[in-house]
There are 2 protein chains.
Amino acid sequence: MSEEQMTIREMCDAYDVTPRTLRFYESKELLFPIREGQKRLFTKRDRARLKLILRGKRFGFSLEEIRQLLDLYDMGDQQATQLQRTYDVARQRLQDMEEQRDELNEAIDDLREQLKWGEQIIADFEKDLKAAQ
Amino acid sequence: MSEEQMTIREMCDAYDVTPRTLRFYESKELLFPIREGQKRLFTKRDRARLKLILRGKRFGFSLEEIRQLLDLYDMGDQQATQLQRTYDVARQRLQDMEEQRDELNEAIDDLREQLKWGEQIIADFEKDLKAAQ
DNA sequence: GCACTGCTTGACGTTAACGTAAGAGAGACG
DNA sequence: CGTCTCTCTTACGTTAACGTCAAGCAGTGC
């Protein structure tokens, strides 16, 4: 439990993910834990990346998109261009999310409208049922 | 092109779906086209169901959920209970959608916040770059 | 020496909603 | 009769993000 390196289990507990997930992210080159013998040790850098990964997922980025963003951050050269591209990707994503939300809102309004009908139909039906008794 | 029955292609053109999709829905017991020889003929009932299917998809129902709802409508007996159940399912779905929208809105706000930072960082960076020339 | 625990590497399984390709029948047209 | 067009069935392919074994090494406690 050194401050600098964490085992896979410590990572799982700290970030609420499964070992499989961390190994999967490593296989996809999202994380690069070092090895002590056969065991993985996750560094501060891995933790920073994992935070970004989880945050990216919240934003609806795919793991592949996240990997590309992470790579851009890591290139360390031509940073202005890279930042600009990162920014562009993020803005595009934001726009997609807003469109998605708008569609969702339309669907919600639509469904609400349906439900109003539904309530009316059910109410009528129950009235008829009672009247029929 | 009779008014009552439509071929698969007419259906595709009318509802903007592929033949595969219609056959798939049939295999999933969402549609029940009749046969003329080996060819499918879609009835008025199929068209009504297809409309509901497509609308259901907009609402984020899975095909399986839609099938269950469609079946409920078709039972024709104990209708009050069935309607109530349909209504309950729909209301649950509405709630899910609203939660999803709220999460999406949070993520959007979050991402917007990030982008504000991003703009600042990029601006600073470009200033530095220019200053360095 | 042995059990127990934790970690490892494969490698196949899962889910939804179709896409896509192969091979063939059936009716219309000239 | 040949060709065209439409349709049919069958069945494997696709995608994402892991889940779920299976089998085995490594260290620790007793």
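Each chain gets a letter, A, B and so on, in the order its sequence line appears, and its residues count up from 1. For the numbers below, each heavy atom of this structure counts, side chains included, while hydrogens, waters and symmetry mates do not.
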Just how far, in rounded Å, is [atom2] of [N] from [atom1] of [X]?
{"X": "B:Gln38", "N": "C:dG25", "atom1": "CD", "atom2": "P", "answer": "10 Å"}
{"X": "A:Ile8", "N": "D:dA26", "atom1": "CD1", "atom2": "P", "answer": "18 Å"}
{"X": "A:Asp16", "N": "D:dC18", "atom1": "CG", "atom2": "P", "answer": "12 Å"}
{"X": "B:Leu50", "N": "C:dA17", "atom1": "CG", "atom2": "P", "answer": "15 Å"}
{"X": "B:Lys39", "N": "C:dG25", "atom1": "NZ", "atom2": "C1'", "answer": "10 Å"}
{"X": "B:Met11", "N": "D:dT7", "atom1": "CE", "atom2": "C1'", "answer": "15 Å"}
{"X": "B:Arg35", "N": "C:dG27", "atom1": "CZ", "atom2": "C1'", "answer": "17 Å"}
{"X": "A:Arg40", "N": "D:dA26", "atom1": "CZ", "atom2": "P", "answer": "15 Å"}

**Message:** Show, in sequence, the C-alpha distance, side-chain angles and deciding distance for A:Asp96 and A:Gln92, and conclude whether the side-chain hydrogen bond (donor to acceptor under 3.5 Å, both in side chains) test is met.
**Reply:** CA-CA 6 Å; A:Asp96 290 348; A:Gln92 182 58 52; 3.1 Å; yes

**Request:** Find out if a path of hydrophobic residues (ILVMFWY) with successive side-chain heavy-atom gaps under 4.5 Å connects B:Leu70 to B:Leu22.
**Result:**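 The answer is yes; both residues are in one hydrophobic cluster.
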
**Asked** Among D:dT7, C:dT8, C:dC7, which nucleotide sits nearest the side chain of A:Thr7?
**Response** C:dC7

**Asked** C:dT8, D:dT7, D:dC18: which one has an atom nearest the side-chain heavy atoms of A:Lys57?
**Response** D:dC18

**Message:** Could you check whether B:Glu36 pairs with B:Lys39 (Lys NZ or Arg NE/NH1/NH2 to Asp/Glu carboxylate O, under 4.0 Å)?
**Reply:** no

**Item:** Donor-acceptor under 3.5 Å (A:Arg67 side chain, A:Glu29 main chain)
**Value:** no

**Asked** So, B:Asp46 side chain and B:Leu31 main chain: donor-acceptor pair closer than 3.5 Å or not?
**Response** no

**Request:** Compare every heavy atom of B:Arg101 with every heavy atom of A:Asn105, then report the nearest pair and how far apart it is.
**Result:** OD1-CD, 2.7 Å

**Prompt:** Taking all atoms of both residues into account, what is the closest heavy-atom pair of B:Val17 and B:Met11, and its distance?
**Reply:**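 Smallest interatomic distance, heavy atoms only, reads CG2-O, 4.4 Å.
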
**Message:** Just so I know, are the side chains of B:Leu63 and B:Phe24 near enough to count as touching, which here means a heavy-atom distance under 4.5 Å?
**Reply:**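 In short, these two side chains touch, coming nearer than 4.5 Å.
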
**Message:** Does anything in residues 17-28 of chain A come within less than 4.0 Å of DNA chain C? Heavy atoms only, and list the residues if so.
**Reply:** A:Arg20, A:Arg23

**Message:** Using a strict heavy-atom distance below 4.0 Å, which residues from residues 59-67 of chain A are in contact with DNA chain C?
**Reply:**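 Correct list: empty, so none.
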
**Prompt:** After noting the C-alpha distance and the side-chain angles of B:Glu106 and A:Arg58, does the key distance pass the side chain to side chain contact (heavy atoms under 4.5 Å, CB included) rule?
**Reply:** CA-CA 9 Å; B:Glu106 273 186 50; A:Arg58 267 202 71 214; 3.7 Å; yes

